Amino acid sequence: MEAAGEAAAPAAEELRAPAAFVAPLQLGTAAAAVVLPERLQRREAERQQGVERQRQKKEAQAVKEERSEFFVAAFAREREAVEALLAAGPLEEAAARLQGLQKLLTESVRFLAPYEVRQGQEAVARLQGDLAARRQQLQPKKKFAFRALKREAAAGSEPRPAEPARPATAAPAPGHGPAEEEPGGPPLCGFSGAEGEELELGPAELLQRDVVLAGLRGCRVRLRGNANTLRVRDCRGCTVLCGPVSTSVLVDGCSDCLLVLACQQLRTHRTRDSRFYVQVTSRAVIEDCATVSFAPYTWSYPGIERDFESSGLDRNRNNWNLVDDFDWLATDKPSPNWSLIPEQERISCWD
């Protein structure tokens with residue numbers, strides 16, 4: 001019996017021996033059971049994150065569309081009000097409503113599609129032209145009696161001394177049509193046809209008036225004050241230093257120019273080899289332009305803070321480095337038509 005027990009003991013040990021091998025297998029299976037849920041949990045978390053991103057994207061798109069619809073309705077309503085005031089109402093009220101319309105467009109640019117921005121800019125520019133034309137129609141006739149004064153002066157016995165350049169009617173240069181959306185008739189103030197001259201207008205001459213610079217060659221222009229709009233057309237090799245403009249600036253058909261501008265809206269067409277130092281509250285727009293560059297506005301003069309206050313421009317908001325090129329539709333590559341002026345090459349002193 002004892003022999004049988006002794007024989008059974010090794011057999012039992014042999015039977016128990018595989019347990020040493022079973023334990024690692026059990027541990028491995030348990031580890032696998034732990035690892036597998038972690039992977040599943042990670043994938044589930046990634047899936048949930050993807051779902052959340054899609055939800056947020058849809059909500060953002062819905063909000064954007066809702067804002068766009070609100071803008072379209074509000075813009076159309078305000079535009080009709082301005083048109084009615086231009087037709088029969090007080091022009092000062094029309095000008096105030098038009099400035100509000102421009103502000104609405106400026107503040108809505110960030111969520112509007114490019115074509116909506118362009119349509120809004122074109123509508124505002126057209127209304128600005130209509131306002132300038134209506135103001136011109138209502139100007140007293142005595143404003144245009146300077147020709148008779150010239151003839152009387154020419155008939156005098158003593159020759160008059162040469163006078164410095166004065167605001168002149170800006171007429172189209174030979175072979176160059178009118179600037180886009182520019183109102184018909186003579187502008188309220190500006191310079192045209194000058195060459196190699198120092199030209200200047202002050203606060204009293206500029207206050208909320210529409211200014212046109214046309215056909216200038218190699219001139220240096222200083223506009224110290226708060227204008228309503230500014231048009232710079234067909235200028236070559238000129239420097240234009242301009243105080244705050246309440247609404248829009250249009251630069252059209254210029255080359256080799258240096259322009260220092262502060263405004264709500266800047267549009268640049270058919271312009272080459274020019275540098276812009278800008279304070280602009282909306283995004284600048286270029287079209288059919290090449291080799292234009294941008295830097296922040298750096299001009300200053302006594303009284304400029306007062307002019308900024310009267311213009312309504314926000315000095316703390318400057319989108320000088322945000323430019324929309326209507327000729328460059330690629331979103332993954334920068335436009336080759338414009339660039340930023342390197343900081344070490346920027347002008348800080350203008351006088």
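The structure displayed is predicted, hence computed values, not measured ones.
- The only member of R270, H269, R233 that meets side-chain hydrogen bond (donor to acceptor under 3.5 Å, both in side chains) when paired with D252 is R270.
- Under the 4.5 Å side-chain heavy-atom criterion for Ile, Leu, Val, Met, Phe, Trp and Tyr, L201 and W350 are members of distinct hydrophobic clusters.
- Using modelled atom types and a 3.5 Å distance limit, the side chains of S255 and D273 yield no donor-acceptor pair.
- Under 3.5 Å, the side chains of Q48 and E52 contain no donor-acceptor pair of N or O atoms.
- The distance from atom OG of S293 to atom CD1 of I341, rounded to the nearest 0.5 Å, is 3.5 Å.
- Once rounded to the nearest 0.5 Å, the distance linking CD of E287 with OG1 of T271 reads 11.0 Å.
- A 4.5 Å side-chain heavy-atom check between R346 and T298 finds every atom pair outside the cut-off.
- Here E78 contributes atom CD and L101 contributes atom CG; the two are 6.5 Å apart, rounded to the nearest 0.5 Å.
- In this structure, L85 and R97 approach most closely via the heavy-atom pair CD1-CG, 3.8 Å.
- Between A94 and V82, the shortest heavy-atom distance links the atoms O-CG1, 4.2 Å.
- Contact check for R231 versus S248: side-chain heavy atoms found under the 4.5 Å cut-off.
- A continuous path of hydrophobic side-chain contacts links L127 to F71 [ILVMFWY only; heavy atoms under 4.5 Å].
- Minimum heavy-atom separation, I304 to P244: CG1-CD, 4.3 Å.
- With rounding to the nearest 0.5 Å, the separation of OG1 in T281 from CG in N318 is 9.0 Å.
- Residues N228 and Q208 form a side-chain contact, since some pair of their non-hydrogen atoms from C-beta on lies under 4.5 Å apart.
- Clustering ILVMFWY residues whenever any of their side-chain heavy atoms sit less than 4.5 angstrom apart, transitively, puts V278 in the very cluster that holds I286.
- Looking at F326 and R267, their side chains never come closer than 4.5 Å, going by heavy atoms from C-beta outward.
- Looking at heavy atoms from C-beta onward, L258 lies in side-chain contact with R275 at the 4.5 angstrom threshold.
- Closest heavy-atom contact between I347 and C349: CG2-O, 3.4 Å.
- Following chains of ILVMFWY side-chain contacts shorter than 4.5 Å, one can reach F191 starting from V249, so the two form part of one hydrophobic cluster.
- Between the E205 side chain and the G202 main chain, a donor and an acceptor come within less than 3.5 Å of each other.
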Legend entry - Worked check of side-chain contact (heavy atoms from CB on, under 4.5 Å) between L266 and Q279: CA-CA 9 Å; L266 172 63; Q279 169 92 30; over 6 Å; no
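- Checked against L223 for a side-chain contact (heavy atoms from CB on, under 4.5 Å), the options L199, L230, L261, L241 give a single hit: L230.
- Residues R222 and E198 have side chains in contact (heavy-atom distance under 4.5 Å, counting atoms from C-beta outward).
- L313 and L206 fall into different hydrophobic clusters, where Ile, Leu, Val, Met, Phe, Trp and Tyr residues are linked whenever their side-chain heavy atoms come under 4.5 Å apart, directly or through other members.
- Closest approach of S310 and S246 over heavy atoms only: O-OG, 4.4 Å.
- For D234 (side chain) and A214 (main-chain N/O), no donor-acceptor pair under 3.5 Å exists by modelled atom type.
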Inset, instruction - Take D325 and V323 through the side-chain contact (heavy atoms from CB on, under 4.5 Å) test and state the conclusion after the steps. - result: CA-CA 6 Å; D325 184 356; V323 180; 5.5 Å; no
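- Residues Q265 and T247 are not in side-chain contact: their nearest non-hydrogen atoms beyond the backbone lie 4.5 Å or more apart.
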Legend entry - Working for side-chain contact (heavy atoms from CB on, under 4.5 Å), residues L40 and E44: CA-CA 6 Å; L40 289 176; E44 178 63 15; over 6 Å; no
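- A donor-acceptor pair under 3.5 Å is formed between the side chain of D327 and the backbone N or O of D288.
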Legend entry - Residue pair E309, R306: steps toward the salt bridge (charged side-chain N to carboxylate O under 4.0 Å, His left out) verdict: CA-CA 5 Å; E309 289 178 7; R306 181 177 62 251; over 6 Å; no
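- Rounded to the nearest 0.5 angstrom, L259 CG and C254 SG are separated by 6.5 Å.
- Side-chain N or O atoms of Y297 include none that pairs as donor or acceptor with a backbone N or O of V280 at under 3.5 Å.
- Side chains of L98 and E83 form no contact here, defined as non-hydrogen atoms less than 4.5 Å apart.
- The shortest non-hydrogen separation linking G196 to C219 is N-SG, 3.6 Å.
- Between F294 and the choices W320, F276, Y277, the ring-ring contact (aromatic ring centres under 6.0 Å, His included) rule is met once, by F276.
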Inset, instruction - Show your working on side-chain contact (heavy atoms from CB on, under 4.5 Å) between D256 and R236 and close with a plain yes or no. - result: CA-CA 6 Å; D256 194 27; R236 304 284 184 271; over 6 Å; no
